Asks: 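What follows is a structure written as structure tokens; I'll ask about it next.
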Amino acid sequence: MTFSVAVAGASGYAGGELLRILADHPDFEIRTVTAHQNAGHPLIAHQPHLRSLAHLTLTESTAQNLSGHDVVFLALPHGASGAIAAQLPADTLVVDAGADHRLEDPADWAAFYGGEHHGAWAYGVPELIVGADGTKQRSKLAGATRIAAPGCNASAVSLALAPGIHAGIIDEQDIVSVLAVGPSGAGKSLKTMYLASEILGSANPYAVGGTHRHIPEIQQNLRKAGATAPTLSFTPVLVPMSRGILATSTARVKPGVTAQQVQEAWAAAYADEPFVQVLPAGAVPRTADVLGANTVLIGVALDAAAGRVVTVLAIDNLYKGTAGAAIQSANIALGLAETAGLSVNGVAP
């Protein structure tokens with residue numbers, strides 16, 4: 001069976017990555033692509049790398065244009081998905097790559113986003129630990145018709161720390177995460193801070209001091225992994241690479257925990273995962289190793305002198321951080337092979 005697909009926000013970076021992966025997916029047929037100010041333009045004018053989709057024209061992002069498909073992917077700015085999604089048929093699988101349906105607590109939404117809170121959907125990180133017995137989030141995705149794809153930074157930090165929280169070997173207080181991120185995660189918006197002349201040759205911190213919108217999402221995920229009231233110092237830094245996240249997260253280790261126990265806890269958490277790989281002791285990943293792939297690579301170490309666990313995680317923010325997570329979750333919801341259409345092989349150099 002082939003599932004018909006519509007992608008809203010198809011002229012943006014996330015929409016383009018969704019289309020790039022979907023174009024080679026064996027079970028999906030892209031029928032409709034929509035946009036806002038670019039409606040009426042050929043898709044190829046905005047996604048010139050998608051040559052196999054040159055026959056498609058962008059239409060307006062309305063519920064009417066998106067209805068009538070088996071699957072709808074929404075790659076829209078925060079605040080734009082909720083109203084459209086509410087008008088789509090209940091039996092349509094809707095996957096929101098925006099922020100509108102990630103947060104469970106309306107107070108978190110009000111504090112970090114503002115505007116109407118549209119409620120939380122099934123969270124689209126299948127590998128996330130969500131139960132005391134080690135249950136993973138994929139169990140909540142099977143058969144779902146509404147899925148919230150994760151924030152790219154949020155999924156990176158959550159996957160990096162959840163094994164330690166679940167195993168009870170790190171302290172949920174005083175977690176520190178510093179991320180090197182590519183500017184594509186901010187979309188195609190024309191802002192001075194994203195211009196090449198501002199980014200090239202420079203590292204630019206932003207959303208400093210606990211203001212980044214992914215913080216409550218990370219805390220929500222860590223609570224599901226076993227934390228009670230986790231505290232997180234989170235600092236992202238724009239660096240001159242178009243794609244990628246390198247998340248370095250540290251947390252206080254519980255007394256008596258050894259380096260071997262740390263390595264074994266992370267390795268056990270992801271032992272059977274097709275897309276998350278824990279590197280051997282002493283190895284750390286690079287963003288180049290995951291470019292263009294649905295792969296998560298994690299290096300973990302014990303800094304005994306500081307009494308802290310150090311995790312270094314690399315993902316492609318557009319692939320595994322956004323579009324790949326959305327499609328992986330859709331595969332599970334529809335009963336397809338979880339790995340269908342998704343690659344672990346990156347692009348090098």
Side-chain angles (χ1 to χ4, degrees), residues 123-142 149-170 172 175 177 179 217-218 220-227 230 244-251 253 257-287 289-291 293-302 309-317 319-322 324-329 331-332 337-340 342-346:
Y123 190 63
V125 180
E127 303 92 349
L128 186 67
I129 300 171
V130 295
D133 60 352
T135 299
K136 299 287 184 68
Q137 179 64 17
R138 63 171 48 84
S139 65
K140 302 180 184 300
L141 292 168
C152 53
N153 297 315
S155 62
V157 175
S158 300
L159 289 171
L161 295 172
I165 293 289
H166 173 69
I169 62 176
I170 62 174
E172 66 180 61
I175 295 171
S177 293
L179 286 68
E217 186 179 341
I218 296 167
Q220 177 176 286
N221 293 342
L222 296 184
R223 288 194 297 269
K224 292 181 183 296
I245 296 173
L246 190 73
T248 302
S249 301
T250 76
V253 69
V257 173
T258 66
Q260 182 177 348
Q261 288 175 307
V262 168
Q263 184 71 27
E264 289 175 351
W266 265 259
Y270 298 125
D272 299 320
E273 293 295 343
F275 297 117
V276 182
Q277 299 177 20
V278 177
L279 300 179
V284 290
R286 311 172 303 164
T287 56
D289 301 331
V290 296
L291 184 68
N294 203 50
T295 305
V296 179
L297 295 182
I298 306 174
V300 60
L302 175 64
V309 166
V310 180
T311 66
V312 181
L313 178 146
I315 61 170
D316 182 325
N317 60 295
Y319 203 127
K320 177 58 174 168
T322 305
I327 293 168
Q328 183 182 346
S329 299
N331 285 342
I332 296 169
E338 183 173 338
T339 57
L342 300 168
S343 178
V344 295
N345 296 321

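By convention here, the first residue in the shown sequence is residue 1. What you see is a predicted model; the values in this text were computed from it and never measured.
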Asks: With sequence neighbours excluded, tell me which residues meet side chain to side chain contact (heavy atoms under 4.5 Å, CB included) with V130.
Replies: L128, T135, Q137, K140, K224
Asks: List in chain and number order the residues that pass side chain to side chain contact (heavy atoms under 4.5 Å, CB included) with A301, two or more places apart in sequence or in another chain; answer none if no residue qualifies.
Replies: none
Asks: According to side-chain hydrogen bond (donor to acceptor under 3.5 Å, both in side chains), who are the partners of E172, at least two apart in sequence or on a separate chain?
Replies: none
Asks: For A314, give me all partners under side chain to side chain contact (heavy atoms under 4.5 Å, CB included), at least two apart in sequence or on another chain.
Replies: L246, P285, V290
Asks: Would you mind writing out the side-chain donor-acceptor pairs for residues 155-164 within the sub-3.5 Å range, not counting sequence neighbours?
Replies:
{"from": "S155", "atom 1": "OG", "to": "G151", "atom 2": "O", "distance (Å)": "3.4"}
{"from": "S155", "atom 1": "OG", "to": "C152", "atom 2": "O", "distance (Å)": "3.0"}
{"from": "S158", "atom 1": "OG", "to": "A154", "atom 2": "O", "distance (Å)": "2.7"}
{"from": "S158", "atom 1": "OG", "to": "N221", "atom 2": "ND2", "distance (Å)": "2.9"}

Asks: Walk me through it: do Y319 and T295 pass the test side chain to side chain contact (heavy atoms under 4.5 Å, CB included)?
Replies: CA-CA 9 Å; Y319 203 127; T295 305; over 6 Å; no
Asks: Kindly write out the residues that satisfy side-chain hydrogen bond (donor to acceptor under 3.5 Å, both in side chains) with T311, not counting sequence neighbours, or none if the list is empty.
Replies: none
Asks: Apply the test side chain to side chain contact (heavy atoms under 4.5 Å, CB included) to residues W266 and I169: give CA-CA distance (whole Å), side-chain angles for both, the deciding distance (0.1 Å), then the verdict.
Replies: CA-CA 11 Å; W266 265 259; I169 62 176; 3.7 Å; yes
Asks: In chain order, what residues pass the side-chain hydrogen bond (donor to acceptor under 3.5 Å, both in side chains) check against T287, with sequence neighbours excluded?
Replies: none
Asks: Would you confirm whether D316, through its side chain, and L291, through its main-chain N or O, come within 3.5 Å as a donor-acceptor pair?
Replies: no
Asks: What distance do K320 atom NZ and I315 atom CD1 have between them, rounded to the nearest 0.5 Å?
Replies: 8.0 Å
Asks: Output yes when a side-chain donor or acceptor of Q263 lies under 3.5 Å from a complementary backbone atom of L279, and no otherwise.
Replies: yes
Asks: For the atom pair CD (E217) and OH (Y123), what is the distance rounded to the nearest 0.5 Å?
Replies: 3.5 Å
Asks: Listing request: all salt bridge (Lys or Arg N to Asp or Glu O under 4.0 Å) pairs with a residue in residues 270-285, at least two apart in sequence or in separate chains.
Replies: K136-E273, R138-E273
Asks: Can you name the side chain to side chain contact (heavy atoms under 4.5 Å, CB included) partners of A259, sequence neighbours left out?
Replies: L302
Asks: Quick one: side-chain hydrogen bond (donor to acceptor under 3.5 Å, both in side chains) partners of S343, sequence neighbours excluded?
Replies: none
Asks: Go through it in stages, so that I can follow the logic: the residues are I327 and N294, the test is side chain to side chain contact (heavy atoms under 4.5 Å, CB included), and I'd like the CA-CA distance, side-chain angles, deciding distance and then a yes or no.
Replies: CA-CA 10 Å; I327 293 168; N294 203 50; over 6 Å; no
Asks: Where do V296 and F275 land on the side chain to side chain contact (heavy atoms under 4.5 Å, CB included) test, with the steps shown first?
Replies: CA-CA 6 Å; V296 179; F275 297 117; 5.6 Å; no
Asks: Please round to the nearest 0.5 Å and tell me the distance separating atom CD1 of I175 and atom CD1 of I170.
Replies: 5.5 Å
Asks: Of all residues at least two apart in sequence or in a different chain, which pass the salt bridge (charged side-chain N to carboxylate O under 4.0 Å, His left out) check with R223?
Replies: none
